[in-house]
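Sequence lines set the chain letters: A, B, ... in the order given, protein chains first and strands last, and positions in each chain run from 1. Note that the coordinates shown come from a computational prediction; the quantities given were computed from them, not determined experimentally.
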2 protein chains.
Amino acid sequence: MATRTASERRAEAARRYDAYIASCPTRQLLDRISDKWVTLVLSALADGPKRYSDLSRRIAGVSQKMLTQTLRSLERDGLVSRAVTPSVPVRVDYALTPLGSTLMPLLAHIKQWAEQHMDEVAAARAGHDGAG
Amino acid sequence: MATRTASERRAEAARRYDAYIASCPTRQLLDRISDKWVTLVLSALADGPKRYSDLSRRIAGVSQKMLTQTLRSLERDGLVSRAVTPSVPVRVDYALTPLGSTLMPLLAHIKQWAEQHMDEVAAARAGHDGAG
DNA sequence: CGGAATCCGCGCGGATACTG
DNA sequence: CAGTATCCGCGCGGATTCCG
């Protein structure tokens, strides 16, 4: 029987919509830069290449697992380059790629909005919570 | 003894850094707009007020729980307004506030970068995966 | 119609230990 | 130094059920 229940039809609509959303470039970008560590790593690399341990120190809160994972994913996406110097001990340098650099104005825009308006958001939040 | 182990010192540094990060306006904004449903709701409201059920239909993949939760948080932050008409049955209209409207150019900027560069990201990803 | 409340799976990410 | 591997808690979010 091709007859489907309402819940089955809803489920499929949701799946199709999910697929549509996943394919949306804006969503993909948002997924990328919304990551807590991604923005911190990109910002850290904005003023020049850094070694792994440099990044680890500058982004004090990050675990090695997340730092490595973040760098790997950024490298995979062509936003960050990874250069290994096979000395002893090993030396690895990370840097923004040209593509990665084009993201910086966008991050600046985000930072600008945040600095201009987040206090209004905070005020709205306080008022809302206070007024109950 | 005030003497602390290395791990204790590291843990406190991480905590302080986490607090610092949490207070950063840029991070707060990013946390806000990175939410999957937030951007979809804001975009849906960009071309005028909508009823709850309108939003529910336009954003087909969202569960009721998440739609309500998203709208509540946006209202709390002063980005979206909520107007109840106590008819029978009840009618609720949501709209962007002036503050919420100022976010739209930023979202447009994000969309622009995505449409200009996400294919390069996809290509880099494919090349990376293919070259192994 | 527009929610609130509850249950629950699962994946993100932190902590720890080990390696070339 | 620059990772890899593993374990595990916890919170996000989906599904379901009930309410004014």
Atom-pair distance ([atom1] on [X]; [atom2] on [N]), nearest Å:
{"X": "A:Arg82", "N": "D:dC1", "atom1": "CZ", "atom2": "C1'", "value": "12 Å"}
{"X": "A:Ile59", "N": "C:dG14", "atom1": "CD1", "atom2": "P", "value": "12 Å"}
{"X": "A:Leu55", "N": "D:dA2", "atom1": "CG", "atom2": "P", "value": "9 Å"}
{"X": "B:Met66", "N": "C:dG3", "atom1": "CE", "atom2": "P", "value": "15 Å"}
{"X": "A:Trp37", "N": "C:dG14", "atom1": "CH2", "atom2": "C1'", "value": "10 Å"}
{"X": "A:Arg57", "N": "D:dG3", "atom1": "CZ", "atom2": "C1'", "value": "15 Å"}
{"X": "A:Gln69", "N": "D:dT4", "atom1": "CD", "atom2": "P", "value": "10 Å"}
{"X": "B:Leu67", "N": "D:dA15", "atom1": "CG", "atom2": "C1'", "value": "16 Å"}

Between the protein and nucleotides 17-20 of chain C, which nitrogen or oxygen pairs come in under 3.5 angstrom?
none

| When you measure from the side chain of B:Lys65, which nucleotide among D:dG3, C:dG3, C:dC7 comes out closest? | C:dC7
| Side chain of A:Tyr94 (C-beta onward), nearest among C:dA4, D:dG3, D:dG13 | D:dG3
Counting only side-chain nitrogens and oxygens, does [X] get under 4.0 Å of the OP1 or OP2 atom of [N]?
{"X": "B:Thr68", "N": "C:dG2", "result": "no"}
{"X": "B:Arg51", "N": "C:dG2", "result": "yes"}
{"X": "A:Tyr52", "N": "D:dT4", "result": "no"}
{"X": "B:Ser56", "N": "C:dG2", "result": "no"}

| query | What do the steps show when you test B:Asp31 against B:Arg27 for salt bridge (Lys or Arg N to Asp or Glu O under 4.0 Å), and what is the final call? | reply | CA-CA 6 Å; B:Asp31 281 344; B:Arg27 181 95 294 279; 2.5 Å; yes
Which atoms form the tightest heavy-atom contact between [X] and [Y], and what is the distance?
{"X": "A:Leu55", "Y": "A:Ala44", "value": "CD2-CB, 3.8 Å"}
{"X": "A:Val62", "Y": "A:Leu67", "value": "CG2-N, 3.6 Å"}
{"X": "B:Ser101", "Y": "B:Leu96", "value": "OG-CB, 3.9 Å"}
{"X": "A:Lys50", "Y": "A:Gly48", "value": "NZ-O, 3.2 Å"}

| query | Of the options B:Arg32, B:Arg72, B:Gln28, which is the one that meets B:Asp77 in a side-chain hydrogen bond (donor to acceptor under 3.5 Å, both in side chains)? | reply | B:Arg32
| request: Check for a donor-acceptor pair, side chain of B:Trp113 on one end and backbone N or O of A:Thr102 on the other, with a separation under 3.5 Å. | output: yes
